[in-house]
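Taking it in order: structure first as structure tokens, then the write-up.
Both ligands and their constituent atoms are indexed starting at 1 by order of listing.
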Amino acid sequence: MFNGLKKLEYRGYDSWGIAFKEDSEIKIIKKAGRIEDFREKLPAKSHFAIGHTRWATHGSVTEENAHPHLSNNKNIAVIHNGIIENYAELKEFLIKNGYKFISQTDTEVIPNLIQYNMKNNNFEDAVKNTLKKLEGSFAIAAISRDSENIAAARRMSPMVLGISKDGFFISSDVPAFLEHTNQIISLDDNEMVIINDKIKIINFMDNREIKKEPETINLDFKESKKGKFQHYIIKEISEQEESIKRAIDQDPDFIKEIANQIENAFGVFFVACGTSYHACLSASYLFSKIAKKHINVVIASEFRNYRHFLTENTLVVAVSQSGETADVLDAVRAAKEKHSRIISIVNVPGSSLTKLSNEVIMMNAGQEVSVLSTKSYTSQLAILSLLAYASIGEFEKGIGLIKKAASYVDEIISKNLNKLENLAEMLKNKKDIFLIGRSLGFPTALEGALKIKEVSYIHAEGLAGGELKHGTLALVEKGVPVIVVSTDETKKDILNNALEIKARGGYIIGFNSENNDVYDYFIKIPLLENMEPIISIIPIQILAYYLAVKRGCDPDKPRNLAKSVTVK
Ligand code: F6R
């Protein structure tokens with residue numbers, strides 16, 4: 001259980017908890033904070049348990065709000081991922097029926113509704129009747145003092161069943177049990193499984209029994225180890241030469257076919273969140289520049305609001321490292337409702353997005369453990385750049401340019417490591433850091449700002465160079481650091497922006513192919529035809545890393561975040 005929960009911490013690490021049966025009672029151990037701090041409190045052995053590691057949605061990070069949650073009579077324990085949208089209504093109903101609540105979570109209604117439904121039903125039927133009443137997204141597992149079964153179910157939140165000769169596992173993702181088995185059954189929406197010495201799967205909405213055969217999961221996506229590195233993030237940053245090359249090691253005919261679909265679609269949307277969104281934005285400049293193709297780039301959580309434009313001739317390219325980001329999955333579902341075609345670019349094999357897509361391009365970045373996307377970002381850029389070149393019949397040229405960019409990774413890291421550490425030392429106590437760029441430098445500025453703020457907690461803001469004078473320049477005063485990401489073709493204009501900042505006392509850090517008088521600090525980026533985004537983000541990733549280390553922040557697990565954001 002401990003190992004399984006540790007492996008799921010990328011889903012959230014605000015608090016953790018387990019429930020197990022002992023002496024015919026349900027026992028709960030739960031704590032705020034990360035599980036490693038409490039290892040000794042876990043029971044040595046139990047063959048019947050549920051456990052959870054939480055990323056808070058409803059209710060703050062406290063022990064009361066940690067899962068599992070117990071029913072009022074303490075007979076039923078439940079763990080839950082997702083959001084119960086009608087929890088307020090259900091809670092009101094239960095309160096009217098005399099139930100009391102001790103947490104602020106939406107989850108606590110579930111064990112209590114099961115208890116309520118057990119008045120006239122056995123445990124399995126009570127769970128089923130409870131599930132029917134829930135609105136929203138959920139993956140839940142429940143145990144009862146009075147039953148030898150574990151009941152688990154899902155709707156719009158991932159859940160997989162592991163089948164080994166020693167027993168069954170149910171989890172929101174396979175890494176939790178991969179050390180025990182690679183035989184899995186994925187549950188689909190509205191499916192519930194009853195587990196004892198065998199399994200029974202039913203659709204809880206219409207009571208249909210469902211037969212499913214186990215599939216074998218690919219073990220290539222193995223757990224990554226830190227090795228000689230102090231943190232995963234710096235290991236993953238350093239791996240980028242290889243991961244970029246792997247990203248473009250694709251079947252040429254397949255890539256050309258997808259590029260063709262992009263070229264010929266009537267409306268193309270690139271859809272993603274966070275870092276993956278920045279990769280899409282960067283690629284849209286490239287498609288415009290080299291393929292003369294307009295791409296609509298939309299943040300996944302906003303995509304549903306564009307559904308009015310979607311038709312069966314629309315192509316949606318969904319980009320996601322995890323393939324589990326709820327906003328991305330929701331966007332894809334919205335597009336599918338309009339019968340649009342879905343292509344995805346995904347890193348995690350077998351993830352939900354792969355199942356919703358017509359075609360999937362695997363990123364092959366390998367497991368990314370740090371919560372911050374680093375190597376997956378450059379892999380996404382590599383694949384999207386290759387698609388842009390392939391769409392104008394220049395697949396080979398694209399491969400050549402991307403390989404050249406990859407070949408600079410080690411050099412840019414080794415030449416600049418000390419300089420970036422020194423820069424971090426100088427910037428570590430700053431309140432704000434601004435990053436500006438134009439054209440392909442603009443998404444790099446956005447991505448650089450995201451890296452810096454999420455890991456060092458310094459406020460960082462990325463802007464298009466031209467936008468600065470429309471408001472944000474008001475924040476520039478003596479000593480405010482501004483990182484200027486310059487590309488060859490935008491050099492003149494971005495240097496003018498740098499001069500405007502310098503005139504107000506700003507401290508200018510240039511990321512450019514050549515030094516300039518306006519720069520107070522300079523990091524050299526090689527000149528690369530259209531591939532600067534792949535390489536210029538790397539020193540900013542390293543700067544963000546050093547800022548985190550010097551400020552005493554955890555560079556792999558920033559506060560409040562999760563690697564895989566499975567709620568909307
Ligand atoms: C930032 C970061 C996030 C993710 C975002 C989307 O370092 O990792 O912004 O990029 O949550 O995640 P995926 O790509 O898994 O859909």
Side-chain angles (χ1 to χ4, degrees), residues 9-13 55 158 172-173 175 221 231-234 236-237 240 243 247 270-283 297-303 316-333 342 344-354 356-357 360-384 443-444 446-457 460 462 537-538 540-545 547-548 553-568:
E9 266 197 319
Y10 69 90
R11 299 269 173 132
Y13 36 81
W55 184 76
S172 47
D173 204 355
F221 197 73
H231 299 101
Y232 279 107
I233 182 173
I234 191 70
E236 288 160 2
I237 290 171
Q240 290 179 98
S243 54
F270 284 3
V271 178
C273 300
T275 291
S276 303
Y277 166 76
H278 296 148
C280 292
L281 192 62
S282 189
V297 187
V298 185
I299 291 174
S301 55
E302 287 297 315
F303 184 75
V316 171
V317 179
V319 181
S320 173
Q321 187 285 129
S322 61
E324 297 293 354
T325 302
D327 290 325
V328 176
L329 299 180
D330 183 60
V332 164
R333 287 188 184 107
I342 316 292
S344 58
I345 301 177
V346 187
N347 192 37
V348 178
S351 53
S352 302
L353 183 55
T354 63
L356 290 172
S357 309
V360 182
I361 304 178
M362 293 309 297
M363 286 160 49
N364 301 324
Q367 194 189 20
E368 193 176 57
V369 177
S370 171
V371 166
L372 282 85
S373 296
T374 53
K375 62 175 178 170
S376 61
Y377 178 65
T378 48
S379 296
Q380 290 164 348
L381 286 175
I383 291 170
L384 290 163
T444 307
L446 293 179
E447 172 58 10
L450 180 60
K451 289 289 91 91
I452 292 172
K453 74 179 136 192
E454 69 179 324
V455 76
S456 73
Y457 318 148
I537 191 62
I538 293 173
I540 312 181
Q541 293 170 342
I542 296 171
L543 174 64
Y545 168 67
L547 283 170
C553 309
D554 182 339
D556 286 332
K557 289 195 177 115
R559 67 184 178 205
N560 303 339
L561 301 182
K563 179 93 191 137
S564 193
V565 185
T566 54
V567 290
K568 281 207 278 172

Nearest-contact summary for [atom] - protein heavy atom, Å:
atom: atom 10 (O) of ligand 1; answer: Thr275 N, 3.1 Å
atom: atom 6 (C) of ligand 1; answer: Cys273 O, 3.4 Å
atom: atom 11 (O) of ligand 1; answer: Val565 CG2, 4.1 Å
atom: atom 7 (O) of ligand 1; answer: Glu454 OE2, 2.5 Å

Quick look: Thr325 vs ligand 1, heavy-atom contacts under 4.0 Å, and the answer is side chain
At under 4.0 Å between heavy atoms, what of Thr374 touches ligand 1? The answer is neither
So does [Y] get a backbone contact from the side chain of [X], meaning a donor-acceptor N/O pair under 3.5 Å?
X: Lys451; Y: Ser373; answer: yes
X: Asn347; Y: Gln367; answer: no
X: Glu236; Y: Ile233; answer: no

Nearest heavy-atom contact between Ser322 and Val348 is O-CB, 3.4 Å
Judged by modelled atom types alone, do [X] and [Y] share a side-chain donor-acceptor pair under 3.5 Å?
X: Ser564; Y: Glu324; answer: no
X: Ser276; Y: Gln380; answer: yes
X: Ser376; Y: Glu368; answer: yes

Discussion item. With nothing but distance in play, are any N or O atoms of Gln321 less than 3.5 Å from an N or O of ligand 1?
Written reply: yes
Practice problem: Flag Ser373 as yes when one of its N or O atoms lies below 3.5 Å from any N or O atom of ligand 1, and as no otherwise. | Solution: yes
message: If the contact criterion is a heavy-atom separation under 4.0 Å, does Glu324 count as touching ligand 1?
response: no
- Query: Applying a strict 4.0 Å limit to heavy atoms, is Val371 in contact with ligand 1?
  - Reply: yes
Distance col, row Ile345:CD1 vs Leu381:CG, nearest 0.5 angstrom, shows 10.0 Å
Ranking Ala300, Ala318, Ser564, Ser276 by closest non-hydrogen atom to atom 14 (O) of ligand 1, top hit is Ser276
